Amino acid sequence: ASSYVGFDSITQQIEHKLLKRGFQFNVMVVGQTGLGKSTLVNTLFASHLIDSKGRTEVDIAPRATTEIHNQAHTIVENGVRLKLNIIDTPGYGDMINNEGCWEPIIKYIKDQHSAYLRKELTAMRDRFIPDTRIHCCVFFINPTGHSLKPIDIVVLKKLAEVVNVVPVIAKADSLTIEERLAFKERIMAELQYQQIRLYPFDAEELDEQEIQLNERIREMLPFAVVGSERTVLIDGKPVRGRKNRWGVINVEDERHCEFVYLRNFLTRTHLQDLIETTAQIHYETFRSKQLLALKE
Ligand code: GDP
Ligand code: MG
């Protein structure tokens, strides 16, 4: 079915105990208001939440004063539980003066590391520590077709230091195929010039296949995505799409946009690695800095 998310393929990769408990995956979306963050999140997972009533719990936590919203979902596929936390960050870069607009976002990410560290230091070795660390930050780029804004560069730099960052071109239906390609190239050149290190990283223990997969992902970044909360009929079949005067964009059609690639990347091919990289690289960096500071 088209609403199938696909994370259950992870079964081969994760130990039994972890599977029974279900695994926690925390995704943050960052970008200007109106770029389609909420819509994309709903496109990714809500199809699921809507047409699988009964096996889905939706729980919306109260609004935090920082304006960072936390949406918790539990989705189940073939007996595998995925506890999905979506952290929505409205308001970034919307102001005339964007000085420090990234601070609450970075603070939120660090606070989760810090909470985990506190529990780790006090908990018994085998006790389960709830994981609220952000495993992936999806960064929404305005589809101007020109270049990144200076504020984007600043925020991307800050983010890449503390979290796995995956950039997407928002509302890619507003660009032609040629514009999209040129825009992608310009963005990646700029990021490279700025020495911003994006996920995925090549670790030493990766095999040939994984290295190739990462290479393919890097060639595709940033994913040019389109989201929709509506269902439209194509050849009599309901699909997630956007209808305009000229025709219909099928969100799940790989010829129309890269939504499916992003979904496969997040929920199938890189879910486990995003979680591990967070623990082994980003959290470890935070942890060693903290422990070093304690000693001084
Ligand atoms: P957010 O503020 O980033 O969460 O943005 P929303 O998800 O609320 O979307 C803002 C507006 O953009 C809504 O009217 C959406 O219907 C529209 N929108 C969302 N995704 C897309 C897209 O991929 N393409 C186009 N053309 N419009 C979109
Ligand atoms: Mg929103």
Side-chain angles (χ1 to χ4, degrees), residues 2 26-50 58-73 84-95 98 101-102 104-105 108 134 136-146 148-149 151-152 155-156 159 165-177 179-181 183-184 187 220-232 234 238-263 265-266:
S2 63
N26 306 315
V27 182
M28 179 183 246
V29 290
V30 173
Q32 253 176 287
T33 301
L35 285 184
K37 296 184 296 298
S38 305
T39 305
L40 191 81
V41 163
N42 285 334
T43 317
L44 270 171
F45 299 103
S47 56
H48 219 73
L49 306 177
I50 293 161
V58 181
D59 161 44
I60 298 169
R63 253 184 111 115
T65 49
T66 52
E67 281 199 84
I68 290 175
H69 301 216
N70 199 335
Q71 248 189 330
H73 307 279
L84 175 73
N85 234 344
I86 305 286
I87 295 89
D88 201 345
T89 59
Y92 144 70
D94 295 345
M95 304 297 163
N98 287 316
C101 66
W102 57 85
I105 298 171
Y108 183 92
I134 306 294
C136 183
C137 172
V138 181
F139 186 89
F140 284 65
I141 298 167
N142 208 330
T144 59
H146 298 289
L148 289 168
K149 289 191 288 183
I151 184 75
D152 288 334
V155 176
L156 278 166
L159 285 170
V165 179
V166 175
V168 300
I169 297 174
K171 299 188 178 182
D173 52 318
S174 57
L175 298 172
T176 67
I177 301 288
E179 287 167 340
R180 243 190 239 178
L181 282 175
F183 193 32
K184 277 191 186 205
I187 291 167
M220 217 184 288
L221 287 175
F223 294 105
V225 294
V226 177
S228 172
E229 285 165 335
R230 296 260 172 90
T231 307
V232 295
I234 293 181
V239 297
R240 293 218 151 226
R242 306 191 70 86
K243 203 184 222 158
N244 61 29
R245 290 225 222 159
W246 307 276
V248 175
I249 289 166
N250 180 352
V251 164
E252 300 206 14
D253 187 331
E254 285 138 51
R255 290 165 306 179
H256 294 191
C257 76
E258 291 162 351
F259 168 78
V260 168
Y261 296 120
L262 173 68
R263 186 176 61 188
F265 166 79
L266 279 180

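Order of listing sets the numbers, starting from 1, for every ligand and every atom in it. Small disclaimer: the values here were computed from a predicted structure and weren't measured.
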Residues in salt bridge (charged side-chain N to carboxylate O under 4.0 Å, His left out) with K184, at least two apart?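 Salt bridge (charged side-chain N to carboxylate O under 4.0 Å, His left out) check on K184 returns E258.
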Any D173 side-chain heavy atom under 4.5 Å of C257 side chain: no
With sequence neighbours left out, the residues meeting side chain to side chain donor-acceptor pair (under 3.5 Å) with T39 are none
List the residues meeting side chain to side chain donor-acceptor pair (under 3.5 Å) with N142, not counting sequence neighbours, and say none if there are none. Q32
Pocket residues around ligand 1 (non-hydrogen, under 4.0 Å) come out as Q32, T33, G34, L35, G36, K37, S38, T39, K171, D173, V226, G227, R242
For I187, which of D152, I169, L221 qualifies under side chain to side chain contact (heavy atoms under 4.5 Å, CB included)? I169
N, O or S from S38 under 2.8 Å to the Mg ion (ligand 2): yes
State, to 0.1 Å, how close V30 and C137 come at their nearest heavy-atom pair, and which atoms those are.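 Nearest heavy atoms, V30 then C137: CG2-SG, 3.6 Å.
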